[in-house]
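Quick notes on the structure that follows.
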Amino acid sequence: MKLFFISIAFFCFLHLNAQEQIAVYFDFDQYNLNDKAALQLQKWLTDNPNIEVLKIFGYCDWKGSNTYNDSLSLQRVKTVFNYLKMHHIKVKENYEVRGFGEDFDQSKVQSENRKVLIIYQNAIVEKPKENPYFDEDTPLIDQFKSANVGTIIRLKNINFYNMTPRILPKSKTVLYDLLCALQDNPNLKIEIQGHICCQKIYDINDLSVMRARAIYNYLVSQKISRKRLSYKGFGTSKPIHAIPEKSSQEEEENRRVEILILEK
């Protein structure tokens, strides 16, 4: 019986730490992401919000000199790494990076050789629950005082100009309340989470990221330390109402900004 439980525990450990991989493909002699690759990465990150990247490997086809292809493969790795960091994806501190150039078993289909391989692990994380300790009329500053780590607080009446990250003037009161909550709780660390509505294909223009970043920039401009803040865009991956929405009210409720309490 003891051996049985040890086996089960070992299996669970392997499951939680199983390594997975995704390949991103590049155009000939290019190291910038094309539209297809950018959309692929965006969908992958939306579907896997709790990943840690362990390795990034770059590859090239056989055309060109070895020296040139070695350099190009590393430039492709750098492009992907910068994309991950821009989207606040966790990359292991001592992650492995290699540029193989053309020195690997090449596919006969040359387009399959122009790639970056990302090796990652996708841990199972308990989904945070919304705070059960107050109703929607509770002042924002009191919500933050009552909230536990892992709580999600929705910012009511945060609005933006259509299809832009520009915050409407009428939302400044809510921003000020959020600022006061951070000033009154100096140990508070938060993640600003942006969500949009209506789009079936995730977030083509990274609008949810830009809107979350707009609130981040406001707080930084008001002297809140960057060390206490992070932001992330979820596009339409976590809607309150199914898409397409049935009413303008459902659209408005899907189009929202939430605050995740990270530390207190």
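None of these values were measured; they are calculated from a predicted model. All values below were derived from every heavy atom in this structure, side-chain atoms included, with hydrogens, water molecules and symmetry-related copies excluded.
Using modelled atom types and a 3.5 Å distance limit, the side chains of Glu191 and Gln193 yield a donor-acceptor pair. A side-chain donor-acceptor contact under 3.5 Å links Asn254 and Glu245. Side-chain atoms of Glu52 and Gln121 form a donor-acceptor pair, as typed in the model, at a separation below 3.5 Å. For the residue pair Glu102 / Gln106, no side-chain donor-acceptor distance below 3.5 Å is found, with atom types taken as modelled.
When all heavy atoms of Ile167 and Ala214 are compared, the closest pair comes out as CD1-CB, 4.2 Å. Contact between Thr164 and Arg211 at its shortest, heavy atoms only, is O-NE, 2.9 Å. Here the shortest heavy-atom pairing between Ser208 and Gly235 reads OG-N, 2.9 Å. Here the shortest heavy-atom pairing between Gly194 and Ala212 reads N-CB, 3.8 Å. Across all their heavy atoms, Leu179 and Gln222 have their closest contact at CD1-CB, 3.6 Å. Annotation for Tyr83 and His87: closest pair O-ND1, 3.0 Å, computed over non-hydrogen atoms.
With hydrogens and angles ignored, the 3.5 Å screen pairs a side-chain donor or acceptor of Lys264 with a backbone N or O of Lys145. Looking only at distances, no side-chain donor or acceptor of Arg256 sits under 3.5 Å from a matching main-chain atom of Ile196. When atom types are taken as modelled, the side chain of Ser171 and the backbone of Asn159 share a donor-acceptor pair closer than 3.5 angstrom. The backbone N or O of Gln75 sits less than 3.5 Å from a side-chain atom of Thr79, completing a donor-acceptor pair. In this structure, the side chain of Asp61 does not engage the main chain of Asn113 through any donor-acceptor pair within 3.5 Å. Looking only at distances, a side-chain donor or acceptor of Asn34 sits under 3.5 Å from a matching main-chain atom of Ala37. Using a distance-only test at 3.5 Å, with no hydrogens or angles considered, a donor-acceptor pair links the side chain of Glu250 to the main chain of Lys246. Panel note: side chain Thr151, backbone Ala147; no donor-acceptor pair is recorded below 3.5 Å. Judged by distance alone, the side chain of Asn185 and the main-chain N or O of Asn187 form no donor-acceptor pair under 3.5 Å.
Using a cutoff of 4.0 Å between basic side-chain nitrogens and carboxylate oxygens, Glu258 and Arg154 are scored as salt-bridged.
Cluster membership for Ile259 and Ile224, using ILVMFWY side-chain heavy atoms within less than 4.5 angstrom, is shared. Residues Leu175 and Ile141 fall into different hydrophobic clusters, defined by Ile, Leu, Val, Met, Phe, Trp and Tyr side chains chained together at heavy-atom separations under 4.5 Å. Linking ILVMFWY side-chain heavy atoms closer than 4.5 Å, directly or via other members, places Tyr25 and Ile119 in two distinct hydrophobic clusters. Val97 and Ile22 fall within a single hydrophobic cluster, where Ile, Leu, Val, Met, Phe, Trp and Tyr are joined by side-chain heavy atoms under 4.5 Å apart, directly or via other members. One hydrophobic cluster, built from ILVMFWY side chains closer than 4.5 Å, cannot hold both Val53 and Leu74; they sit in different ones.
Both tests pass for Lys115 against the ring of Tyr59: distance under 6.0 Å to the centre and angle within 45° of the axis. Geometrically, Lys63 engages Phe28 in a cation-pi contact defined by less than 6.0 Å to the ring centre and at most 45° from the axis.
Between the CG atom of Leu117 and the CZ atom of Arg76 there is a distance of 13.5 Å, given to the nearest 0.5 Å. Arg213 CZ to Asp206 CG: the interatomic distance, rounded to the nearest 0.5 Å, is 8.0 Å. For the atom pair CG (Asn69) and CZ (Phe100), the distance works out to 14.0 Å, reported to the nearest 0.5 Å.
If you run side chain to side chain contact (heavy atoms under 4.5 Å, CB included) between Val257 and each of Ile158, Leu178, Val174, only Ile158 comes through. Tested against Leu229, the residues Leu262, Asn217, Val220 include a single side chain to side chain contact (heavy atoms under 4.5 Å, CB included) partner, Val220.
Surrounding CD of Glu252 are at most 12 heavy atoms belonging to other residues, nucleotides or ligands under 6.0 Å away. By the 6.0 Å contact criterion, NZ on Lys172 is open, its count of non-hydrogen atoms from other residues, nucleotides or ligands being 12 or less. Other residues, nucleotides and ligands contribute only 12 or fewer heavy atoms inside 6.0 Å of the OH atom of Tyr176. No more than 12 heavy-atom neighbours from other residues, nucleotides or ligands sit within 6.0 angstrom of OH on Tyr31.
If you look at Trp44 and Tyr120, their ring centroids are closer than 6.0 Å. Phe81 has its ring centre less than 6.0 Å from the ring centre of Tyr95.
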